[in-house]
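To find a chain, count down the sequence lines: A is the first, B the second, and so on, and within it residues start at 1.
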2 protein chains.
Amino acid sequence: MEDLDRQIIELLSVDGRMSYTDLGRATGLSTSAVHQRVRRLEERGVIRGYRAIVDHDALGLPLTAFISVSPLDPAAPDDVPERLTGLGDLEACHSVAGVESYILKARVGSPGDLEDLLARVRAAANVSTRTTVVLSTPWEGRPVPPERRG
Amino acid sequence: MEDLDRQIIELLSVDGRMSYTDLGRATGLSTSAVHQRVRRLEERGVIRGYRAIVDHDALGLPLTAFISVSPLDPAAPDDVPERLTGLGDLEACHSVAGVESYILKARVGSPGDLEDLLARVRAAANVSTRTTVVLSTPWEGRPVPPERRG
DNA sequence: AATGAAAGGGGTCATTG
DNA sequence: CAATGACCCCTTTCATT
């Protein structure tokens, strides 16, 4: 990973809509050179896409929760992620090393919606759940800068 | 929140670099109408920014972990988030209702880096930690669609 | 609040070094 | 792999409704 690529990634992590012209000015490359590098980063899967960062409160989804999941039948084949896909309200699904098997991140509108979601999760994947409600989020989604080599 | 705004937000959540022209085509609005709406969504703070989504493996940060944090001195003023800001490697900090006080999300390069980070977290905020290592991430950062009204 | 037009700048590609 | 130049499309603004 070249230094120029890391610079470009860092800039696009902070402002995903920055123009190739501005990226060029910031990196000392021409517009088309930057464009070429970005295309290659996208093709290689280093840059996976671009997203608008949205305020969940404004969207009517003020309640965030982490749901830890344990399969009830340890003998059953583990297809929990597949069963939870398309359930809605779930932003992430991590397989973890710990007491439980998965950690889910949920965004809902109200405690009632969370109650509904938990019922749907348990039913869809045959699991028990342990839920941790988020009270506030001092910071989130902060881009972790790419590793620098000495 | 109007339906057109929700449509625009959904489109920009999936492709944060979509052009105003394409947004117009997708929503049936003129380019300038879309542009005006996006500007207002940004000004109101509904759209908080745009980010490139980056593959952490490719950046040399293949190890993700959730760190649950408990203050050692419950009498001390709670400024954990401030103390952890700028520590690096931390992507998020949530204040939570549960046995522990905070959940942190970390991205590091190796178990050794995680060990270092945990020491820094404990020292900086005077806390004990409980860490859950992520083994794999079936999905993450999936945009939760804005609430639809019946 | 949306439209359409006009002016300027950026994206895109082929070519060259 | 980067730079240049040309062309086209998009962005941006403004007057109009």
Side-chain angles (χ1 to χ4, degrees), chain A residues 1-61 109 141 143 145-150, chain B residues 1-62 141 143 145-150:
Chain A
M1 174 84 31
E2 289 184 37
D3 194 64
L4 279 168
D5 284 338
R6 261 185 280 126
Q7 235 180 304
I8 292 169
I9 289 167
E10 222 168 310
L11 289 162
L12 286 174
S13 296
V14 173
D15 179 8
R17 279 183 86 88
M18 190 180 282
S19 72
Y20 298 121
T21 304
D22 285 345
L23 285 170
R25 279 195 263 265
T27 56
L29 289 176
S30 69
T31 302
S32 36
V34 172
H35 191 219
Q36 204 173 328
R37 277 177 180 270
V38 172
R39 284 186 68 88
R40 239 175 303 140
L41 288 169
E42 291 169 352
E43 281 162 12
R44 283 196 293 154
V46 178
I47 294 177
R48 304 176 67 164
Y50 304 87
R51 294 248 173 78
I53 307 303
V54 174
D55 183 74
H56 292 88
D57 289 14
L59 289 185
L61 297 170
E147 200 179 30
R148 295 173 200 291
R149 49 182 177 189
Chain B
M1 175 84 30
E2 288 184 37
D3 194 62
L4 280 168
D5 283 338
R6 258 184 283 126
Q7 235 180 304
I8 291 169
I9 288 167
E10 222 168 311
L11 289 163
L12 286 175
S13 295
V14 173
D15 178 7
R17 280 184 85 87
M18 190 180 283
S19 73
Y20 298 120
T21 305
D22 285 346
L23 285 170
R25 279 196 263 267
T27 56
L29 288 175
S30 67
T31 302
S32 35
V34 172
H35 190 222
Q36 204 171 326
R37 277 177 181 270
V38 172
R39 284 188 69 86
R40 238 175 303 142
L41 288 169
E42 290 170 351
E43 281 164 10
R44 282 197 293 154
V46 178
I47 294 177
R48 303 176 67 165
Y50 305 86
R51 294 247 172 79
I53 307 303
V54 173
D55 182 73
H56 292 87
D57 288 15
L59 288 185
L61 298 170
E147 201 179 30
R148 294 175 200 292
R149 49 182 179 188

ask   = Quick one: is C:dT3 close enough that its OP1 or OP2 comes under 4.0 Å of any side-chain N or O from B:Arg37?
value = no

remark   = In 5'-to-3' order, the base (B), backbone-only (S) or no-contact (-) status of each nucleotide in nucleotides 11-16 of chain D, using a 4.0 angstrom heavy-atom cut-off, is BBB---

Taking the side chain as C-beta and beyond, is there a heavy-atom pair between [X] and [Y] under 4.5 Å?
{"X": "A:Leu29", "Y": "A:Arg37", "result": "yes"}
{"X": "A:Leu41", "Y": "B:Val54", "result": "no"}
{"X": "B:Glu10", "Y": "B:Val14", "result": "no"}
{"X": "B:Asp5", "Y": "B:Arg44", "result": "yes"}

ask   = Taking CG from A:Asp3 and C1' from D:dC1, how many angstroms apart are they, rounded to a whole number?
value = 16 Å

ask   = In whole Å, what is the span from the CG atom of A:Leu29 to the C1' atom of C:dT12?
value = 17 Å

task = May I ask you to check whether over 12 heavy atoms, not counting those of B:Arg17, lie within 6.0 Å of atom CZ?
result = yes

inquiry  = Tell me which one of A:Gln36, A:Arg40, A:Glu42 satisfies side-chain contact (heavy atoms from CB on, under 4.5 Å) with A:Val38.
reply    = A:Glu42

query = With a non-hydrogen cut-off below 4.0 angstrom, is A:Ala33 in contact with a base, only sugar-phosphate, or nothing?
reply = sugar-phosphate

